Amino acid sequence: MKLLFQVTAIAALCCATGIARGQVNPFSQEYFELEALKKYEAIHPPLASIPPPAPGENEALFGAHLTRSAMLLEMSTEKKHLPVRILIYGQSITGSQIFTEDITDYLKKKFPYADITIENRCIGGFGADRIIRTAPHDMYNSCADLIIFHVYGGEKNGELEELFTNLRKYTTADILLLSHHTVHPLTAADDFSANYLRYIANKYDCELADISYEWPKYLAANKMVPGDLLRGDGTHPNRSGNWLLAQLVGRHIKYNPQSLNPSNQSVQTLNAANVYERSPDGPITFTGNPWERKNGIVKGHTPDSHLKLTFYGNRVDVIAGQLPKTIKPGGVKILLDGKPIENNLTLFAITRPTWGPHTWFPLVMRVSNAKPLIAEDWTLRIDKVDADSTNYTFSVKGSKTGLDGTGSSTRRFVSNSGRVVIDSTDFMFMPIKKIFKVNVPVGFEAYWSVIPLYQKVYHPPIATDRTKVYKTTLVQGLDNNILHTLELVPIGDGPVPIEAFEVHRPPLH
């Protein structure tokens, strides 16, 4: 049996990545987690195994809110490996490397033919009040089919409402929300939080892994106490606790044919040849001669014949058709709403800024802009630090914009070009100093990148694996309440095979 599985920290082309320039942090939260676990296990050796959880009381309903992602997973076969992108987001409970490995192992065994990409962008120590600031860099342009999410807080000040509203406004991802595991006898605050997360799940059509209910039930059934599944800090799961968490989460990822979940309706798949043949005046049309139609795909050859897709939505993926291995595909230029797509000045994303010294915390939680962006790399450099390390003077420089101004960490910063805006509350100098006992020194640099959310030119990949689905995001970040057109104009350097388009239209406009 061939197992297809990929765990990666690199997002697919055109989907916004969380870290600039492929930076690798030697002080990652994974490193610190494993070091803490080694110290704990030196005194408390890990158990060889623990019993699996008993079936859930309502397990027949599991997966009811994961229609699209679970269907992709379960419909993958030996002859067709459907791609599924999974993003894990939140803070340290789901940010654990061991949890990522355990859920990976669970899904690998459950869906052996699915072409799965898992990315964990969690930030340990970031509650809802901070995750809401980094979410635009990490989640909204991730192109995820499924988001596994857990965070503490956000009930009282509206961060969870804002975050899930934005997820339903900018993404079509299925969402698997986790409530909190038990670290001590339940309190009124625990009950309030668990009930609030149940309310969020119902309101925003999320699958809920109700860990707050299942965890103490498991402890009681197996005559355990909370500390049996936790590290020495009394909060984070140990090796057994992470395994249990992966089982409780993973069993929700299943296709439920009785589901009425509307998430599957947010993504429309249009087979190019079939749609045109059924309705020549429908969403797929041609200017000039229609493209060649054969074996369920369309092929474009010459620049005088455009394929035009008309749609409502904020994102379009293309699935490449497959040619004989001896034929190299040609390329197409992309027009959006009748103009070269690169003329659109709004289709850019900003990656999450890199971390501070000796920490995984980003030096800046959020970078935004007041003026149109261009694709480039940015550097923030610390130029001066006050004697008491409470005020940091810095400069910013773009790889194309050049030196773009200086600012102070105590005030909102807007660069000379307007391409960099940083609120004073988004600087992490003081939390890094307080938690990690490190002062950010003069000369320290943080980086981020501005990346386009479109393909200027699309070249279908050469199909070397006939079981693989070759999918590419052509554009994302559009206003999904406006009728758009996307035109593919052959360059003339070879046949351009197109099997289908996937049009994403989030439920909130």
Side-chain angles (χ1 to χ4, degrees), residues 12-14 68 71-72 75 80 82-83 143 145 172 264-323 327 329-344 347 453-461 463 469-506 509:
L13 186 62
C14 194
R68 180 173 175 272
M71 184 168 61
L72 292 172
M75 288 182 65
K80 193 166 187 177
L82 300 177
C143 298
D145 299 297
T172 56
N264 200 39
Q265 303 171 17
S266 297
V267 182
Q268 184 181 18
T269 301
L270 301 170
N271 180 280
N274 293 344
V275 168
Y276 178 75
E277 290 171 1
R278 288 198 306 266
S279 178
D281 297 322
I284 294 177
T285 58
F286 298 94
T287 60
N289 294 322
W291 286 17
E292 177 187 355
R293 301 186 302 282
K294 188 177 181 180
N295 297 327
I297 67 172
V298 297
K299 287 189 289 185
H301 296 274
T302 60
D304 59 355
S305 181
H306 301 192
L307 184 155
K308 179 185 286 188
L309 172 68
T310 303
F311 65 98
Y312 285 97
N314 75 337
R315 170 182 153 201
V316 176
D317 294 349
V318 63
I319 298 174
Q322 297 191 355
L323 298 172
I327 299 177
V332 290
K333 295 180 180 179
I334 309 295
L335 305 182
L336 175 66
D337 300 331
K339 300 176 181 178
I341 196 167
E342 63 269 24
N343 289 3
N344 190 304
L347 298 177
L453 295 175
Y454 59 83
Q455 300 282 343
K456 179 180 177 181
V457 176
Y458 167 65
H459 281 91
V469 176
Y470 293 89
K471 184 188 297 187
T472 302
T473 298
L474 294 180
V475 63
Q476 62 170 321
L478 300 173
D479 184 335
N480 71 350
N481 208 34
I482 295 176
L483 186 66
H484 296 285
T485 61
L486 200 66
E487 293 180 65
L488 278 58
V489 184
I491 296 173
D493 58 346
V496 182
I498 302 296
E499 179 180 330
F501 296 96
E502 289 185 351
V503 178
H504 293 250
R505 193 181 191 192
H509 302 157

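If you're wondering where the values come from, they're calculated on a predicted model, not measured in any experiment.
- Here His509 contributes atom NE2 and Asn481 contributes atom CG; the two are 6.0 Å apart, rounded to the nearest 0.5 Å.
- A salt bridge is absent between Asp337 and Lys339; no separation between the charged side-chain nitrogens and carboxylate oxygens falls under 4.0 Å.
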Between Leu82 and Met75, does the side chain to side chain contact (heavy atoms under 4.5 Å, CB included) criterion hold? Intermediate values first, please. CA-CA 8 Å; Leu82 300 177; Met75 288 182 65; 4.0 Å; yes
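- For the side-chain hydrogen bond (donor to acceptor under 3.5 Å, both in side chains) criterion with Asp317, the lone passing option out of Thr473, Thr472, Thr269 is Thr473.
- The minimum heavy-atom distance between Thr285 and Gly282, with the atom names listed, is CG2-O, 3.4 Å.
- Taking every heavy atom of both residues into account, Leu347 and Gln476 meet most closely at CD2-O, 3.4 Å.
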Is there a side chain to side chain contact (heavy atoms under 4.5 Å, CB included) between Lys456 and Tyr454? Walk through the geometry before answering. CA-CA 6 Å; Lys456 179 180 177 181; Tyr454 59 83; 4.3 Å; yes
Criterion side chain to side chain contact (heavy atoms under 4.5 Å, CB included) on Val318 and Tyr458, from CA distance to verdict: CA-CA 10 Å; Val318 63; Tyr458 167 65; 3.6 Å; yes
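- Residues Val503 and Leu270 form a side-chain contact, since some pair of their non-hydrogen atoms from C-beta on lies under 4.5 Å apart.
- Here the side chains of Arg68 and Asp145 are in contact, with some heavy-atom distance below 4.5 Å.
- Taking the side chain as every heavy atom from C-beta outward, Thr310 and Leu483 approach each other to under 4.5 Å.
- With sequence neighbours excluded, the residues that form a side chain to side chain contact (heavy atoms under 4.5 Å, CB included) with Ser305 are Trp291, Thr302.
- Pairing each heavy atom of Gly338 with each of Glu487, the nearest pair is CA-OE2, 3.9 Å.
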Hey, mind stepping through Val475 and Leu453 against side chain to side chain contact (heavy atoms under 4.5 Å, CB included) and telling me if it holds? CA-CA 6 Å; Val475 63; Leu453 295 175; 5.8 Å; no
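- Rounded to the nearest 0.5 Å, atoms NZ (Lys299) and CG (Leu307) are 14.5 Å apart.
- Across all their heavy atoms, Asn480 and Asn314 have their closest contact at CB-N, 3.6 Å.
- The heavy-atom pair separating Ala272 from Val298 by the smallest distance is CB-CG2, 3.7 Å.
- Of the options Val489, Ile341, Thr485, a side-chain contact (heavy atoms from CB on, under 4.5 Å) to Leu335 is made by Val489 and by none of the others.
- For Lys333, the salt bridge (charged side-chain N to carboxylate O under 4.0 Å, His left out) test picks out no residue, with sequence neighbours left out.
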Which pairs would a plain distance check flag for residues 492-502, meaning a side-chain donor or acceptor within less than 3.5 Å of a matching protein atom at least two apart in sequence or in another chain?
residue : atom : partner : partner atom : Å
Asp493  : OD1  : Gly331  : N            : 2.9
Glu502  : OE1  : Lys471  : NZ           : 3.0
Glu502  : OE2  : Lys471  : NZ           : 3.4

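- Remark: of the listed residues Arg505, His484, Gln268, His484 is the sole one forming a side-chain contact (heavy atoms from CB on, under 4.5 Å) with Phe311.
- Here CG of Leu488 is found 8.5 Å from CG of Leu309. Values are rounded to the nearest 0.5 Å.
- Rounding to the nearest 0.5 angstrom, the gap separating the CD1 atom in Ile284 from the CD atom in Glu277 is 11.0 Å.
- A 4.5 Å side-chain heavy-atom check between Lys308 and Phe286 finds every atom pair outside the cut-off.
- Between Asp479 and Ile482, the shortest heavy-atom distance links the atoms OD2-CD1, 3.4 Å.
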